[in-house]
Amino acid sequence: MENVRVRFAPSPTGYLHVGGLRTALYNYLFARKNNGKFILRIEDTDRNRFVEGAVENLIDALKWCGLNYDEGPDIGGIFGPYIQSQRLSTYKEQARKLIADGKAYYCFCTPQRLEKLREEQQKQKLPQAKYDKHCLHLSKTQVQQKIAVGIPFVIRLNVLPNKKIIFDDVVRGRVEFESNNVDDQVLIKGDGYPTYHLANVVDDHLMQITHVIRGEEWLSSTPKHVLLYDAFEWERPVFAHLPLLLNPDRSKLSKRQGDVAVEDYRAKGFLKEALLNFVALLGWNAGDDKEFYYMNELIEKFSLERVNKSGAVFDLEKLNWLNEEHLRKKSNEEILSMLKTEICNSQFAILNFSDHYLLKVINAMRERVSFVHEFLTKSSYFFAAPKEYEETSRQKNWKPETSEQIQKLRANFAQLENPSKEDYELALKQTAAEFNISAGKLIHPLRLAISGTSAGPGIFDIAEILGKDEVLKRIDTALALLR
RNA sequence: GGCGCGUUCGUCUAGUGGUCCAGGACGCCGCCCUCUCAAGGCGGAGAUCACGGGUUCGACCCCCGUACGCGCUACCA
């Protein structure tokens with residue numbers, strides 16, 4: 001494909017929605033796959049919705065995910081600026097062109113009149129409330145007079161009746177609308193800002209966007225955009241409307257029913273690889289059974305033709321699973337650096353652990369965690385001696401005779417010199433033989449004594465990692481506390 | 001209400017007229033392994049392909065209708 005240019009055009013609401021992430025990702029994949037350009041453009045034409053720091057948050061989230069764009073607000077590009085509020089004169093100029101060509105017109109109707117009009121239309125049970133073109137027939141001099149006097153105005157698109165508006169959507173096929181169902185859309189608002197519809201079309205054209213890949217919520221307003229391209233006599237881009245991401249109850253994914261911001265998932269410890277992989281599969285698949293992907297594989301396999309039509313529920317269970325899978329694929333060294341930052345942000349921050357030690361912990365625990373922070377919660381005993389002992393295990397495994405047996409085990413451990421896990425195991429088995437009991441009778445209480453829990457890596461691995469001194473110390477503590 | 005889009009296991013999905021009384025994955029259940037917990041291996045339950053009509057020798061797949069869901073219907077994006 002020649003000179004593919006796509007864009008992600010979010011409005012800065014304060015955070016990056018995972019649905020937005022999916023849209024951005026598909027745009028990114030499509031651009032990279034086709035050797036095209038991926039552009040970030042900020043659609044901030046609603047002054048009432050201005051959110052401090054929103055653009056920065058958006059950019060942060062995108063960068064964290066590795067969705068690097070070729071042109072955008074912070075890096076520039078030859079079609080800039082990439083923030084719509086900085087392009088106001090462009091939209092005005094284009095709107096004036098439309099007026100000159102009779103494709104758009106000034107409208108001086110007050111919000112009150114519009115409101116009344118709507119009410120009347122509803123009372124008459126008209127199928128649709130639409131602007132009545134009241135100002136379309138104003139003469140040039142009337143318009144000029146009103147403007148001169150300072151009457152506030154908007155600019156509307158003049159939609160011709162009884163036309164079929166047809167366009168082809170890559171994911172949905174041919175879509176048809178009647179122009180009778182399309183309102184004379186406001187293009188320039190009373191405050192001089194453009195509406196989304198105008199700004200979007202003008203920018204996409206001026207920035208030479210070839211494919212408009214966006215959420216399904218835009219499908220219904222696409223006729224307006226198509227009309228605008230036609231009015232300007234500009235070539236239309238290819239449209240691809242993506243299925244929506246849904247809550248478990250199949251309504252549009254929303255804050256009310258869980259986390260929707262990329263930063264939420266980041267804060268929870270999800271790997272960007274997992275989030276991206278997961279979100280890529282929500283509405284697209286390569287047609288085979290592969291579910292685990294890295295970005296480069298997605299780029300290689302992605303195509304708009306294989307995007308689904310129906311909405312997809314955002315299923316946390318599968319995200320968790322993908323996070324595990326991606327974590328498992330990481331090297332111990334990669335996990336080490338993540339674990340270190342995790343430790344820095346934890347109650348163990350003041351403690352010092354050698355890389356050598358942490359690597360052993362990682363090796364022992366990596367198959368048992370889904371998130372890096374779980375090293376600290378699921379195996380806190382590697383970072384601090386247990387403060388309490390799991391009650392169910394204590395009842396099950398610490399019998400009246402156990403103290404004496406563990407006492408003996410401690411003595412046998414004490415005699416070992418720089419013990420390996422095999423040494424611990426041998427010593428334990430010998431102790432068990434001395435009492436004529438099964439190894440399990442010692443293993444479980446020992447686990448409880450040195451880890452405080454009943455779950456975790458092999459007990460001899462734990463002992464070796466902890467080291468003899470620590471093991472003996474913990475046995476002593478347990479002996480004093482568990483009786 | 002109008003317009004548009006959608007509808008295959010709980011969830012994500014494969015499927016483009018016969019190979020499908022529907023395949024994979026997550027989750028769930030069971031077994032094996034085992035010092036525990038995981039991981040791993042093996043197996044299982046789970047979809048009358050929304051419903052009803054057509055077209056066809058034959059329909060998950062094509063057409064029509066209905067239902068349901070969702071989106072849009074703003075001087076919001």
Side-chain angles (χ1 to χ4, degrees), chain A residues 9-13 43-46 48-49 84 107 109-111 114 118 122 125-130 152-156 169 171-173 175-178 180-183 185-197 199-200 214-224 241 243-244 246 248-252 278 281-292 308-322 324-325 328 365-370 378-379 393 397 425 428 438-444 446-448 451 453-460 462:
Chain A
S11 82
T13 54
E43 310 233 323
D44 60 341
T45 54
D46 185 359
N48 302 321
R49 286 223 209 161
Q84 290 186 328
C107 170
C109 292
T110 61
L114 259 21
R118 247 192 301 272
Q122 259 163 21
K125 291 220 167 28
L126 253 46
Q128 193 201 3
K130 271 173 62 184
F153 64 86
V154 303
I155 295 175
R156 287 182 183 273
D169 186 281
V171 342
R172 275 146 227 287
V175 184
E176 287 191 32
F177 290 84
E178 301 280 343
N180 294 348
N181 291 319
V182 180
D183 203 0
Q185 186 59 48
V186 170
L187 302 177
I188 299 283
K189 299 184 264 188
D191 62 6
Y193 277 62
T195 56
Y196 169 84
H197 307 290
N200 179 265
R214 76 226 304 190
E216 193 192 322
E217 66 266 34
W218 297 111
L219 191 61
S220 298
S221 34
T222 304
K224 291 170 183 169
H241 287 94
L244 259 21
L246 311 174
D249 70 357
R250 306 203 73 85
S251 57
K252 188 172 161 182
F278 174 63
L281 258 18
L282 252 27
W284 171 87
N285 75 86
D288 52 27
D289 287 342
K290 188 174 167 67
E291 304 230 49
F292 183 91
N308 290 148
K309 294 174 171 64
S310 50
V313 174
F314 194 89
D315 177 26
L316 265 330
E317 299 281 11
K318 196 147 188 174
L319 212 206
N320 285 332
W321 170 72
L322 274 172
E324 276 173 29
E325 293 292 305
R328 301 239 157 85
M365 283 301 292
R366 55 175 303 149
E367 296 293 310
R368 280 163 247 266
V369 298
S370 305
K378 285 194 168 178
S379 58
S393 171
N397 299 314
E425 183 165 7
L428 183 136
S438 70
K441 286 276 185 290
L442 291 176
I443 284 173
H444 297 297
L446 175 63
R447 176 182 291 282
L448 184 66
S451 78
T453 80
S454 60
I459 188 60
F460 306 114
I462 296 179

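Because the structure is a prediction, the values reported are computed rather than measured. The chains referred to below are lettered A, B, ... by the order of the sequence lines, with proteins before strands, and numbering in each begins at 1.
Backbone-only engagement by A:P194 is indicated by non-hydrogen atom pairs under 4.0 Å involving sugar-phosphate atoms exclusively. Here A:G283 lies in heavy-atom contact (under 4.0 Å) with sugar-phosphate atoms only. A:G440 comes within contact range of no nucleotide atom at all, as no heavy-atom separation falls under 4.0 Å. Within the 4.0 angstrom heavy-atom criterion, no nucleotide atom of any strand lies near A:P243. At a threshold of 4.0 angstrom between heavy atoms, the contacts of A:V313 are confined to the sugar-phosphate backbone, with no base atom among them. Contacts of A:S454 with the nucleic acid, taken as non-hydrogen atoms under 4.0 Å apart, include base atoms. Counting non-hydrogen atoms under 4.0 angstrom, A:F177 reaches the backbone sugars and phosphates but no base. A:I459 comes within 4.0 angstrom of a base, heavy atoms only. Using a 4.0 Å heavy-atom distance criterion, A:N308 is classed as a sugar-phosphate-only contact. A:P111 comes within contact range of at least one nucleobase, with a heavy-atom separation under 4.0 Å. Heavy atoms of A:V182 sit nowhere under 4.0 angstrom from any nucleic acid atom. Base engagement by A:L114 is indicated by at least one non-hydrogen atom pair under 4.0 Å involving a base atom. Across all strands shown, A:A312 has heavy atoms under 4.0 Å from sugar-phosphate atoms exclusively, and none from any base. Residue-level contact check: A:E176 touches the backbone only, with heavy atoms under 4.0 Å from sugar-phosphate atoms and none from bases.
Look at A:K189 and you'll find a side-chain N or O under 4.0 angstrom from OP1 or OP2 of B:C76. Listed pair A:N285 / B:U13 fails the phosphate criterion, with no side-chain N or O lying under 4.0 Å from OP1 or OP2.
At least one side-chain heavy atom of A:K318 sits less than 4.5 Å from a side-chain heavy atom of A:E291.
Comparing A:T45 and A:G456, the nucleotide of RNA chain B nearest to each residue sits closer to the 5' end for A:G456.
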Review item, nucleotides 25-30 of chain B N/O atoms under 3.5 Å of protein N/O:
residue : atom : partner : partner atom : Å
B:A25   : O4'  : A:E291  : OE2          : 2.8
B:A25   : O2'  : A:E291  : OE2          : 2.8
B:A25   : N3   : A:K318  : NZ           : 3.1
B:C26   : O2'  : A:E317  : O            : 3.4
B:C26   : O2'  : A:K318  : N            : 3.4

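At whole-Å resolution of the value, NZ in A:K130 and P in B:C75 are 14 Å apart. Atom pair A:D288:CG and B:C12:C1' shows a separation of 14 Å (rounding to whole Å applied).
A:S310 and A:N308 are not linked by any side-chain donor-acceptor pair at a separation below 3.5 angstrom, with hydrogens and angles left out of the test.
Residue side chain A:R172 does not reach the base of B:C5 through any donor-acceptor N/O pair under 3.5 Å, judged by distance alone. Applying the 3.5 Å distance criterion, the base of B:C70 shares no donor-acceptor pair with the side chain of A:R250.
As the counterpart of B:A45, no nucleotide is assigned, since no Watson-Crick or G-U wobble pattern has both distances under 3.5 Å. Summarising the base pairing, B:C3 is matched to B:G71 through a Watson-Crick or G-U wobble pair whose two defining distances lie under 3.5 Å. B:C62 and B:G54 make up a base pair, with Watson-Crick or G-U wobble contacts both under 3.5 Å.
Note: A:W218 and A:H197 have perpendicular aromatic rings, judged against thresholds of 30 and 60 degrees for the angle between ring planes.
Looking at residues two or more places apart in sequence or on another chain, you find no side-chain hydrogen bond (donor to acceptor under 3.5 Å, both in side chains) involving A:D315.
Closest to the side chain of A:R118, out of B:A38, B:C75, B:A77, is B:C75. Of all nucleotides listed (B:A39, B:C5, B:A77), B:A39 comes nearest to the side chain of A:E367.
On the C1' atoms, B:G54 is 28 Å away from B:C9, given to the nearest whole Å.
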